A.B. asks: 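Questions regarding the structure given below will be posed in turn.
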Amino acid sequence: LIVKVQGNQMGYPPYFNLSARSPNQKYYHQLFQYQNAFNIFFFGVSFIVLLYHVLQYLYLKERVYLWFSIWLLSVTFTLAMTVGFFIGSLTMYRYAFWILLSNGVFYSFWFFGRSFIQSKSKYPKLDKVIITLPILLIIEIILIAIYSVVFNPQTRFTGLGYHYLVLNIFTFASLILSVILVLKKDLFAKYFGVGGLV
């Protein structure tokens with residue numbers, strides 16, 4: 001038996017764990033059984049929490065719920081992709097789709113934080129940094145998604161390695177911002193700063 005395989009569009013090489021089994025044992029020792037159940041559970045939890053906060057926003061019309069819902073949407077989509085929802089059926093632009101959705105966790109976190117601590121009115125100078133950081137990341141994410149579609153690079157950590165370098169710089173800048181917020185007297189700033197550190 002000769003099988004020809006190639007990696008998927010995400011850049012991951014093919015993985016095999018072949019076994020011979022009888023037809024009545026086809027579900028015996030399923031691969032990643034625990035991990036799949038774990039991811040499905042957290043997908044369900046995040047989806048329920050997302051629905052709750054969307055309803056909160058629709059009822060109260062407060063932007064903090066909108067930004068938290070957008071962050072939760074990115075979390076929910078990312079968890080949905082880990083259990084095989086919709087991304088498995090994408091044969092083209094899979095990496096671009098993934099990078100646009102999953103990286104929303106990073107920038108939407110700071111938009112939520114900005115609304116949560118009301119930095120625009122409380123800390124106008126710091127607010128300029130808080131808004132600039134996620135906007136720069138959004139621009140970089142869009143450029144990477146376009147680049148991956150147009151040039152079809154080898155995406156597994158090397159062809160687009162600078163994106164992960166940008167994420168590290170973003171994380172370091174977020175760490176500094178979080179420490180600054182923890183040092184503020186305002187309790188909401190402290191709470192969000194601690195969340196940012198975590």
Side-chain angles (χ1 to χ4, degrees), residues 10 42-43 46-47 49-58 60-82 87 93-150 153 155 157 159-198:
M10 297 290 282
F42 275 103
F43 164 72
S46 67
F47 183 72
V49 176
L50 169 65
L51 284 180
Y52 172 77
H53 283 89
V54 167
L55 292 174
Q56 286 284 89
Y57 171 69
L58 293 175
L60 299 172
K61 303 290 190 228
E62 292 184 21
R63 295 188 75 161
V64 68
Y65 291 111
L66 173 66
W67 285 115
F68 193 67
S69 296
I70 291 170
W71 179 79
L72 276 169
L73 182 67
S74 184
V75 169
T76 304
F77 272 133
T78 303
L79 287 167
M81 287 186 275
T82 65
I87 198 166
Y93 315 128
R94 185 179 292 182
Y95 185 83
F97 188 79
W98 169 79
I99 207 163
L100 287 170
L101 286 181
S102 63
N103 284 276
V105 172
F106 297 109
Y107 60 79
S108 60
F109 176 77
W110 282 106
F111 287 132
F112 161 68
R114 183 172 180 256
S115 182
F116 181 75
I117 65 177
Q118 298 174 355
S119 61
K120 189 173 183 179
S121 59
K122 292 180 182 176
Y123 313 108
K125 289 182 181 176
L126 187 61
D127 181 68
K128 290 177 183 172
V129 178
I130 292 174
I131 190 104
T132 301
L133 191 63
I135 287 174
L136 289 175
L137 185 64
I138 289 170
I139 293 168
E140 191 270 343
I141 289 168
I142 291 170
L143 290 175
I144 286 290
I146 292 169
Y147 178 82
S148 70
V149 169
V150 173
T155 54
F157 305 119
L160 295 171
Y162 42 86
H163 169 65
Y164 303 100
L165 178 62
V166 169
L167 286 183
N168 282 323
I169 294 167
F170 176 86
T171 303
F172 184 71
S174 296
L175 175 68
I176 293 169
L177 268 177
S178 298
V179 169
I180 292 169
L181 290 173
V182 167
L183 298 175
K184 296 290 183 187
K185 291 181 181 179
D186 181 63
L187 280 178
F188 284 103
K190 283 185 184 296
Y191 294 151
F192 187 77
V194 169
L197 289 174
V198 171

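This structure is a prediction, so every number in the text was calculated from the model and none was measured. Residue numbers count from 1 along this sequence.
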A.B. asks: Quick one: CD1 on Ile139 to CD1 on Ile144, what's the gap to the nearest 0.5 Å?
C.D. replies: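 If I round to the nearest 0.5 Å, the distance is 13.0 Å.
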A.B. asks: Using 30° and 60° as the class boundaries, would you call the ring planes of Phe116 and Phe192 parallel, tilted or perpendicular?
C.D. replies: tilted
A.B. asks: Should Leu50 and Val75 count as side-chain neighbours, where that means a heavy-atom distance under 4.5 Å?
C.D. replies: no
A.B. asks: Is it the case that the side chain of Lys190 and the backbone of Val182 share a donor-acceptor pair, with hydrogens and angles ignored and the cut-off at 3.5 Å?
C.D. replies: yes
A.B. asks: Got a second to check how far Tyr162's OH is from Glu140's CD, nearest 0.5 Å?
C.D. replies: 8.5 Å
A.B. asks: Look at the rings of Trp98 and Tyr95 and say which category their plane angle falls in: under 30° parallel, 30 to 60° tilted, over 60° perpendicular.
C.D. replies: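 Geometry flag for Tyr95 against Trp98: tilted rings.
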A.B. asks: I want to check something: taking the side chain as every heavy atom from C-beta on, are Phe111 and Ile135 in contact at a cut-off of under 4.5 Å?
C.D. replies: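 The answer is yes, as the side chains (C-beta and beyond) meet within the 4.5 Å cut-off.
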A.B. asks: Compare all side-chain heavy atoms of Arg114 with those of Lys120 and state whether any distance is below 4.5 angstrom.
C.D. replies: yes
A.B. asks: When rounded to the nearest 0.5 angstrom, what is the spacing between OG1 in Thr171 and CD1 in Ile176?
C.D. replies: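 That separation rounds to 11.5 Å.
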A.B. asks: Can you sort out the partners of Lys122 under side-chain hydrogen bond (donor to acceptor under 3.5 Å, both in side chains), two or more places apart, ordered by chain and number?
C.D. replies: Asp186
A.B. asks: How about Trp67 and Tyr57: are their ring centroids closer than 6.0 Å?
C.D. replies: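 That pair fails the under 6.0 Å test.
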A.B. asks: Please check if the side chain of Ser74 supplies one atom and the backbone of Trp71 the other of a donor-acceptor pair under 3.5 Å.
C.D. replies: no
A.B. asks: Would you check, one step at a time, whether the test side-chain hydrogen bond (donor to acceptor under 3.5 Å, both in side chains) holds for Ser46 with Thr76?
C.D. replies: CA-CA 6 Å; Ser46 67; Thr76 304; 3.3 Å; yes
A.B. asks: Please enumerate all residues that pass side-chain hydrogen bond (donor to acceptor under 3.5 Å, both in side chains) together with His53, with sequence neighbours excluded.
C.D. replies: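 Result, side-chain hydrogen bond (donor to acceptor under 3.5 Å, both in side chains) vs His53: none returned.
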A.B. asks: Run the ring-ring contact (aromatic ring centres under 6.0 Å, His included) test against Phe47 and tell me which residues pass, sequence neighbours left out.
C.D. replies: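 With sequence neighbours excluded, Phe47 shows a ring-ring contact (aromatic ring centres under 6.0 Å, His included) to no residue whatsoever.
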A.B. asks: Any donor-acceptor pair under 3.5 Å linking the side chain of Ser115 with the backbone of Val64?
C.D. replies: yes
